[in-house]
**Q** 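What follows is a structure written as structure tokens; I'll ask about it next.
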Number of protein chains: 2
Amino acid sequence: MTRARRESAGRPRRPTMVDVAREAGVALRTVSRVVNNDPTVGPEYVTKVEAAIAALNYRPDDRARQLRTGVTGTIGAAVRRIAEVNPELAAIERTARDSGLTLLAASTDFDEARERDILISMCRQRLDGIIVEPFGENHAYLQPELDAGMPLVAMDRPMSGVSVDCVMSDNASGIGIAFHHLHRHGHRRIAYIGDSERVFSGRERAAAFRAALRAHGEGVEGLVHPGEITAERVAAALETALRGPEPATALVTGNMDTTLTVLRQLGPQAAARLALVGFDEVPLADLLQPALTVVAQQTAEIGRTAVELLRARMADPARPVQTVVVPVALKVRGSGELPA
Amino acid sequence: MTRARRESAGRPRRPTMVDVAREAGVALRTVSRVVNNDPTVGPEYVTKVEAAIAALNYRPDDRARQLRTGVTGTIGAAVRRIAEVNPELAAIERTARDSGLTLLAASTDFDEARERDILISMCRQRLDGIIVEPFGENHAYLQPELDAGMPLVAMDRPMSGVSVDCVMSDNASGIGIAFHHLHRHGHRRIAYIGDSERVFSGRERAAAFRAALRAHGEGVEGLVHPGEITAERVAAALETALRGPEPATALVTGNMDTTLTVLRQLGPQAAARLALVGFDEVPLADLLQPALTVVAQQTAEIGRTAVELLRARMADPARPVQTVVVPVALKVRGSGELPA
DNA sequence: GTGAAAGCGCTAACAC
DNA sequence: GTGTTAGCGCTTTCAC
């Protein structure tokens, strides 16, 4: 009766294994064996079953298989942005695919509530594991899921409130490298503009820059400008850094958004004269004039490691929690080598 | 016994509705009602059940719900690249979310076999619908899925071998706009470099460019260069177009990859002198010198429409197949307004 | 209003 | 080797 109802609703019923078994004249179990390539099935049965499958256009229902076996063969990635340049995500996808895992990717969109919705939904779907580029400030609500055995790995930033595996860049070294590169090219007043210190990486990078200034006996005043990345805030920071009594001759930007905002605020002429090293790779950096010197994160390595950590956790839920720090690399292209 | 085995394997068992019902001292059905916010449950039952849920850290298993109800609440997007700038995908995600649908995004990665694997896998998962940016040349293998009622929408390109809803840009108009813009700025020898004519959009755009040339009484020889987008091929095309006896004074590029390859091949100085209009928006187009004039696709509109078409198809499997053509828009920024 | 029982489509015991 | 049976965790008839 259920069936009759559904058919009359307009949607054609899909054949199930039962239908295939009847069509082939074999038992349900045999069809299941053929579908799963069980080598212990007699070849004549294989032929019969495959014929029936083709005749009915049968497609196994993965949902039922997943419910029965308990595994989905799918891992989730909750990143701040899919649909933007995101080499970590690309590496995650590649690595997952190579491991025979399907990737379910979703954007948290810099929204704490949305991040929570997505993570909870992934848990309800009983995905085999989750990689998250955390955004929210408190993830204690995930503790029950972790207790229930859900494998979870943090990428780019650690999580607060729960203890999970994590892979991230060596932010402090990257800022140090940028500073020293400019210093070596003769600059003595070097300024920093970057993300808000409410954000983990913003905090780490601003602190590392202050440390670099102090290590060279320089004062900090007027040179370190963390904060929201808006045109107004960045313009004000540039004004302070470059127009004061002791103007900076070089600039380090703390992430890609900052770099682009700075370039747009300065305009092509001024930008071409300012020594600049950006943290994070920038698309088309090589086409700008001068081409942009950056400290690049090893994004492919980060994404790959995230999947490796996740797989290790899936294989052994009891293994100790691990944090992997990936080194960064300076890409010398021109803007960072301008003289003072 | 099964349970004991699984527990001994190290993975803690998650509580099910049965456990919640026992804990709360109510029937299974009542727990289901509470979980689904059925308003006909007595308030004291709601309290008891919610207490039990909290006590056990119960999370419903979506797989079981999906199997039972037949719907997943999830649509799939098989695009050529997630993890690259992909405004269509961003719009799909936004629109899907606004409709209460989860998005499962996967990269076909310009690989026909992979596209096939992904689409078949999405069908096996019985997703509620699929949006595909088709890459392969023959999708007849999807016919059984369509017959079985799987809603499917093509984006950016039509599909061959099956008849499905489609949303795409007005390629021909876009090329015409680019040509006329350069023509209006005094150029008479205008060349075209673009994607291979094996690709649908490459075919449409090259044909439109030839038509524009002819409409202005110009010859075609040496001016139209469709083909693979490699540094060598583009360099050769540039050589032919710009260094011949009648060198072109302006150039139309057929997609983003072509535009970037041309800019890299020319180098900053030569690029700054060539009148250029690109098809497709380019990241950081405003930061180049001169800023890049492009024919931009209305990507947000395309992604939104793809979801709308899919939802319409899900609601009414019998509705006639529809193709939506979205207009393009010229973005005047500098490179396309250089004199001859 | 609530509760018992059937069943979504599949896989895994177990006997044959 | 193959067939029968139970059950994954949930929703949904139906009687109460």
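These numbers come from the heavy atoms of this one structure, side chains and all, not from hydrogens, waters or symmetry mates. So you know, we letter chains A, B, ... as the sequences are listed, proteins then strands, and number each from 1.
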**Q** Nearest to the B:Thr69 side chain among C:dT11, D:dT11, D:dC8, which nucleotide is it?
**A** D:dT11

**Q** Please report the distance, rounded to the nearest Å, between CG in A:Asp61 and P in C:dG7.
**A** 18 Å

**Q** Could you tell me whether B:Arg65 contacts a base, only the sugar-phosphate backbone, or nothing, with contacts defined as non-hydrogen atoms closer than 4.0 Å?
**A** sugar-phosphate

**Q** So what is the end-to-end bend of the helix from C:dG1-D:dC16 to C:dC16-D:dG1, with 5 pairs used at each end and the value given to 10 degrees?
**A** 40°

**Q** From the list D:dG3, C:dC10, D:dT13, which nucleotide is the closest neighbour of the side chain of B:Arg29?
**A** D:dT13

**Q** Could you state the CG-P distance from B:Leu28 to C:dG7, rounded to the nearest angstrom?
**A** 16 Å

**Q** Do any pairs count as a side-chain hydrogen bond (donor to acceptor under 3.5 Å, both in side chains) and have a residue in residues 306-318 of chain A, sequence neighbours left out, and if so which ones?
**A** A:Asp165-A:Arg313

**Q** Closest-nucleotide mapping onto DNA chain C: is A:Arg33 or B:Ala64 further toward the 5' terminus? I mean the 5' end.
**A** B:Ala64

**Q** Quick test of your reading of the model: are A:Glu145 and B:Arg14 salt-bridged, counting only N-O distances below 4.0 Å?
**A** yes

**Q** Would you mind classifying the nucleic acid contact of B:Arg63 as base, sugar-phosphate or nothing, using non-hydrogen atoms under 4.0 angstrom?
**A** nothing

**Q** So, is B:Tyr45 near the phosphate of C:dG3, with a side-chain N or O under 4.0 Å from OP1 or OP2?
**A** no

**Q** Please say whether more than 12 non-hydrogen atoms of neighbouring residues, nucleotides or ligands are located less than 6.0 Å from CZ in B:Arg198.
**A** no

**Q** Quick one about A:Ser107 and A:Asp109 (side-chain donor to acceptor, distance below 3.5 Å, no hydrogens or angles considered), yes or no?
**A** no

**Q** Whole angstroms only, please: what is the CD-C1' distance between A:Glu44 and D:dT2?
**A** 11 Å

**Q** Quick check for you: among C:dT2, D:dG1, C:dG9, whose closest atom lies nearest to any side-chain atom of A:Leu67?
**A** C:dG9

**Q** Taking atom types as modelled and ignoring hydrogens, do the side chains of B:Ser160 and B:Asn138 form a donor-acceptor contact shorter than 3.5 angstrom?
**A** no

**Q** What is the distance from CZ of A:Arg22 to P of C:dG9, rounded to the nearest Å?
**A** 12 Å

**Q** Ignoring backbone atoms, test whether A:Ser32 places a side-chain nitrogen or oxygen under 4.0 Å from the OP1 or OP2 oxygen of C:dT11.
**A** yes

**Q** Whether the side chain of A:Asp128 engages the backbone of A:Gly73 through a donor-acceptor N/O pair (distance < 3.5 Å, no angle test) should be reported.
**A** yes

**Q** Could you tell me how far apart B:Asp19 (CG) and D:dC8 (C1') are, to the nearest whole angstrom?
**A** 13 Å

**Q** Counting the atoms with a prime plus P, OP1 and OP2 as sugar-phosphate, which does B:Val41 contact under 4.0 Å by heavy atoms, base, sugar-phosphate, or nothing?
**A** sugar-phosphate

**Q** For the pair A:Glu93 and A:Arg97, find out whether any cationic side-chain nitrogen is under 4.0 Å from an anionic carboxylate oxygen.
**A** yes

**Q** Respond yes when some side-chain nitrogen or oxygen of B:Thr30 is under 4.0 Å from OP1 or OP2 of C:dG3, and no when none is.
**A** yes

**Q** Could you state the CZ-C1' distance from B:Arg126 to C:dC10, rounded to the nearest angstrom?
**A** 11 Å

**Q** Mapping B:Ala27 and A:Tyr58 to their closest nucleotides on DNA chain C, which lands nearer the 5' end?
**A** B:Ala27

**Q** How long is the line joining CZ of B:Arg59 and C1' of D:dC10, in whole Å?
**A** 17 Å

**Q** Specify the separation, in whole Å, of atom CE of B:Met17 and atom P of C:dG7.
**A** 20 Å

**Q** So, taking the atom named CZ in B:Arg65 and the one named CD in A:Gln125, what distance separates them when rounded to the nearest 0.5 Å?
**A** 11.0 Å

**Q** Heavy atoms only, 4.0 Å cut-off, all strands: where does A:Asp62 land among base, sugar-phosphate and nothing?
**A** nothing

**Q** Whether the side chain of A:Arg68 and the base of D:dG7 hold a donor-acceptor pair under 3.5 Å is what I'd like checked.
**A** yes

